[in-house]
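Basis for what follows: all heavy atoms, side chains included, without hydrogens, waters or symmetry-related copies. By convention in this document, chain letters (A, B, ...) are assigned in the order of the sequence lines, proteins followed by strands, and residues within each chain are numbered from 1.
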Amino acid sequence: DGGITQSPKYLFRKEGQNVTLSCEQNLNHDAMYWYRQDPGQGLRLIYYSQIVNDFQKGDIAEGYSVSREKKESFPLTVTSAQKNPTAFYLCASKNRDKAFFGQGTRLTVV
Amino acid sequence: SQQGEEDPQALSIQEGENATMNCSYKTSINNLQWYRQNSGRGLVHLILIRSNEREKHSGRLRVTLDTSKKSSSLLITASRAADTASYFCATYHNDYKLSFGAGTTVTVRA
């Protein structure tokens with residue numbers, strides 16, 4: 001099946017730890033995006049990438065890092081510098097017209 | 001900062017009624033898109049309207065765009081219980097940024 005896959009679905013992190021969220025797509029899309037969604041809120045853009053080996057900061061990039069070494073993969077690392085990381089994280093890839101979303105990773109700091 | 005701002009934040013209607021929600025944005029766009037999110041899931045693309053279009057239809061959906069007012073509206077006609085979800089507008093910009101608003105939560109009562 002073609003699509004975009006995020007893993008894991010649920011992730012628990014201890015304070016002070018870095019964690020990496022996986023996002024893989026087999027849609028052959030150049031553009032990929034990471035968003036954060038807090039309860040009852042909209043999506044805020046963390047990072048986006050238009051092409052392999054290139055990415056740009058979104059509106060709330062502080063405390064996060066990404067890489068884009070392969071077209072299919074756009075992993076997001078939540079670093080210990082992110083003071084309030086508990087949230088729902090959504091990854092998307094985009095063709096010319098529309099974005100396709102994964103099912104999200106719910107990150108909780110314990 | 002989020003580009004799109006939806007209004008109202010929440011909407012409760014009876015099955016069979018129409019639901020209208022609005023979106024305002026701040027800077028010039030290439031196109032505007034509407035997405036739907038069921039609770040705890042990823043977003044699904046509904047409809048796209050380009051900056052040179054004023055109105056578009058897709059099934060029970062009608063979207064309008066007024067670039068002079070930097071606003072768009074989404075109308076869902078003859079609503080069904082299955083339309084219960086959150087609806088987001090998204091603006092796509094020249095710098096490849098895809099920005100979402102805070103969303104409108106629609107509840108359709110049987």
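Within the 4.5 angstrom heavy-atom criterion, no atom of B/Q9 approaches chain A. Contact of B/F88 with chain A is made through the side chain alone, with heavy-atom distances under 4.5 Å. With a 4.5 Å cut-off on non-hydrogen atoms, A/Q56 does not touch chain B at all. Heavy atoms closer than 4.5 Å to chain A are found in both the backbone and the side chain of B/L98. Heavy-atom distances place the side chain of A/Y35, and not its backbone, under 4.5 Å from chain B. Using a 4.5 Å cut-off between heavy atoms, A/Q50 contacts chain B through its side chain alone, with no backbone atom that close. In this structure, the portions of A/A99 lying under 4.5 Å from any heavy atom of chain B include both its backbone and its side chain.
In the displayed structure, A/I51 atom CD1 is contacted under 6.0 Å by at most 12 heavy atoms of other residues, nucleotides or ligands. Within 6.0 Å of the CD atom in A/E69, the count of heavy atoms belonging to other residues, nucleotides or ligands does not exceed 12. Other residues, nucleotides and ligands place more than 12 heavy atoms under 6.0 Å from the CZ atom of B/R60. Within 6.0 Å of CD in B/Q14 there are more than 12 heavy atoms belonging to other residues, nucleotides or ligands. Applying the 6.0 Å contact sphere to CZ of A/R13 captures more than 12 heavy atoms from other residues, nucleotides or ligands.
Both B/L61 and B/V63 are part of a single hydrophobic cluster, where members link through side-chain heavy atoms under 4.5 Å apart. One hydrophobic cluster holds both A/F74 and A/L11 under the rule that ILVMFWY side chains link at heavy-atom gaps under 4.5 Å. A/F101 and B/Y96 fall within the same hydrophobic cluster, where Ile, Leu, Val, Met, Phe, Trp and Tyr residues are linked whenever their side-chain heavy atoms come under 4.5 Å apart, directly or through other members.
Contact count against chain B (heavy-atom pairs under 4.5 Å) is highest for A/D97 among A/L45, A/D97, A/L90. Annotation: maximal heavy-atom pairing with chain A below 4.5 Å, among B/L43, B/L48, B/N30, occurs at B/L43.
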| task | Tell me, with the steps shown, if A/K98 and B/Y35 meet side chain to side chain contact (heavy atoms under 4.5 Å, CB included). | result | CA-CA 10 Å; A/K98 60 184 181 181; B/Y35 289 78; 4.2 Å; yes
| said: For A/K94 and B/Y92: C-alpha separation, side-chain torsions, deciding distance, then whether side chain to side chain contact (heavy atoms under 4.5 Å, CB included) applies. | reply: CA-CA 11 Å; A/K94 186 179 175 297; B/Y92 186 60; 3.6 Å; yes
